[in-house]
K.L.:
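Shown below is the structure under consideration.
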Amino acid sequence: MKQAARIGTLAAALLAASLAQAADPLDAIATAARSDSSFSGFSAERGAALWGRKGKDWSCSTCHTADPRKLGRHTVTGKTIQPMAPVSNPKRFTDAAKVDKWFKRNCRDVFNRECTAQEKGDVITWLRSVTPSSVIP
Amino acid sequence: MNKAMHLQRFSAAAALCLVVVGMPLAAHADNAKKPAPSNPVWQEECGSCHIAYPPRFLPAESWRSMMGALDRHFGTDASLDARTAATIETFLVQNAKRGKPGQKPDGSILRITETKWFRSEHDEISAAKWKSPAIGSAANCGACHPGADKGSFRERDIKVP
């Protein structure tokens, strides 16, 4: 009986841990975006437009290619970058710390500033909407 | 000569043998393949945009300067949270290139490709070769050193494409 209770507790703890891990990084971005009273949701269309927008020298697509289902290539070092669209690479946008780290770095690289919560949410929404048959603008 | 003296002499001779034979052995073991120092945080973070360049490629002073300015890392932003950066810096500094006795390595160089040893090791590679599509950039160690991402740059493994 005691053992059953122990197993139950363990199972609950494991479930809680896996739920905590599964928290969607987009949720925190949405919470941040809502602090702007004019926020009316994320848009895949705006995300797609931002993907190709050139900043200082680069756009997102410079390294990640126009089609986020494809392998990218770091424009300076030549290193291969795994695809950004979850349809090709399910690990994308599952780790909030990673999402924060890369948006911060890459938005500064491309636009010389950090991206807004609206922009980050738009891009994630677009990348998540891409399917094998999507036509990339 | 009694038995005890015999034993004493023998021990002394044996000890001398060990010292003499042992010295070159130890020296050889030192040159032989010790596993390259590694650290999972360094591997993960430094290895995401390029291979994780081995700490022995630059002196400690260079690594310290580099880790202090990750937000301006050769034209890109490679910033990290303070804890991760500190972990990596400790690993790099501990395993950094050491100068010859009495000689301090030049800590002002941040680009590995600008160090004297890199240039002399690669002096047979022409400018055109560096720019060829198969290599593209001197940052792309793996183009010629197949074990580069695992810290191995053995002469006999080199294949220039």
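Heavy-atom basis, side chains included; hydrogens, waters and symmetry copies ignored. Order of the sequence lines sets the chain letters (A, B, ...), proteins ahead of strands, with each chain counted from 1.
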K.L.:
Can you confirm whether more than 12 heavy atoms, excluding those of A:R113, are under 6.0 Å from its CZ atom?
P.N.:
yes
K.L.:
Which bit of B:T76 comes within less than 4.5 Å of chain A, counting heavy atoms only: side chain, backbone, both or neither?
P.N.:
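Both parts, backbone and side chain.
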K.L.:
Would you say B:N140 and A:K79 make side-chain contact, with heavy atoms under 4.5 Å?
P.N.:
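In short, these two side chains do not touch, never coming nearer than 4.5 Å.
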K.L.:
Would a distance-only check, ignoring hydrogens and angles, find a side-chain to backbone donor-acceptor pair under 3.5 Å from A:R105 to B:S79?
P.N.:
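Side chain of A:R105 to backbone of B:S79: a pair is present.
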K.L.:
Less than 4.5 Å to any heavy atom of chain A: does that hold for the side chain of B:D81, its backbone, both, or neither?
P.N.:
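Contact with chain A: none, neither part.
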K.L.:
Applying a strict under-4.5 Å side-chain criterion to I, L, V, M, F, W and Y, I'd like to know whether A:I81 and A:V110 cluster together.
P.N.:
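No, A:I81 and A:V110 fall in different hydrophobic clusters.
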K.L.:
Is there a path of hydrophobic side-chain contacts, each under 4.5 Å between heavy atoms, that joins B:F74 and B:I109?
P.N.:
no
K.L.:
Under 4.5 Å between side-chain heavy atoms, hopping through other hydrophobics if needed: is there a path connecting A:W51 to A:L71?
P.N.:
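Per the 4.5 Å side-chain linkage, A:W51 and A:L71 are not co-clustered.
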K.L.:
Are there over 12 heavy-atom neighbours, none belonging to B:E155, within less than 6.0 Å of that residue's CD?
P.N.:
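At most 12 heavy atoms, drawn from other residues, nucleotides or ligands, come within 6.0 Å of this atom.
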K.L.:
Does anything in residues 95-104 of chain A reach chain B? List residues with heavy atoms under 4.5 Å apart, or say none.
P.N.:
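Near chain B, by residue number: A:K98, A:K101, A:W102, A:K104.
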K.L.:
Look only at the side chain of A:T77 and the backbone of B:C49, and say whether a donor-acceptor pair between them is shorter than 3.5 Å.
P.N.:
yes
K.L.:
Please check if the side chain of B:D77 supplies one atom and the backbone of A:D109 the other of a donor-acceptor pair under 3.5 Å.
P.N.:
no
K.L.:
Give a yes or no on whether A:R73 atom CZ has more than 12 heavy-atom contacts from other residues, nucleotides or ligands under 6.0 Å away.
P.N.:
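No, because the 6.0 Å sphere around CZ of A:R73 holds 12 heavy atoms or fewer from other groups.
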K.L.:
Within a radius of less than 6.0 Å around NZ of A:K56, do more than 12 heavy atoms belonging to other residues, nucleotides or ligands occur?
P.N.:
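Atom NZ in A:K56 is crowded, with more than 12 foreign heavy atoms closer than 6.0 Å.
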K.L.:
Decide yes or no on side chain to side chain contact (heavy atoms under 4.5 Å, CB included) for B:H50 and A:V76, but give the supporting numbers first.
P.N.:
CA-CA 9 Å; B:H50 46 66; A:V76 179; over 6 Å; no
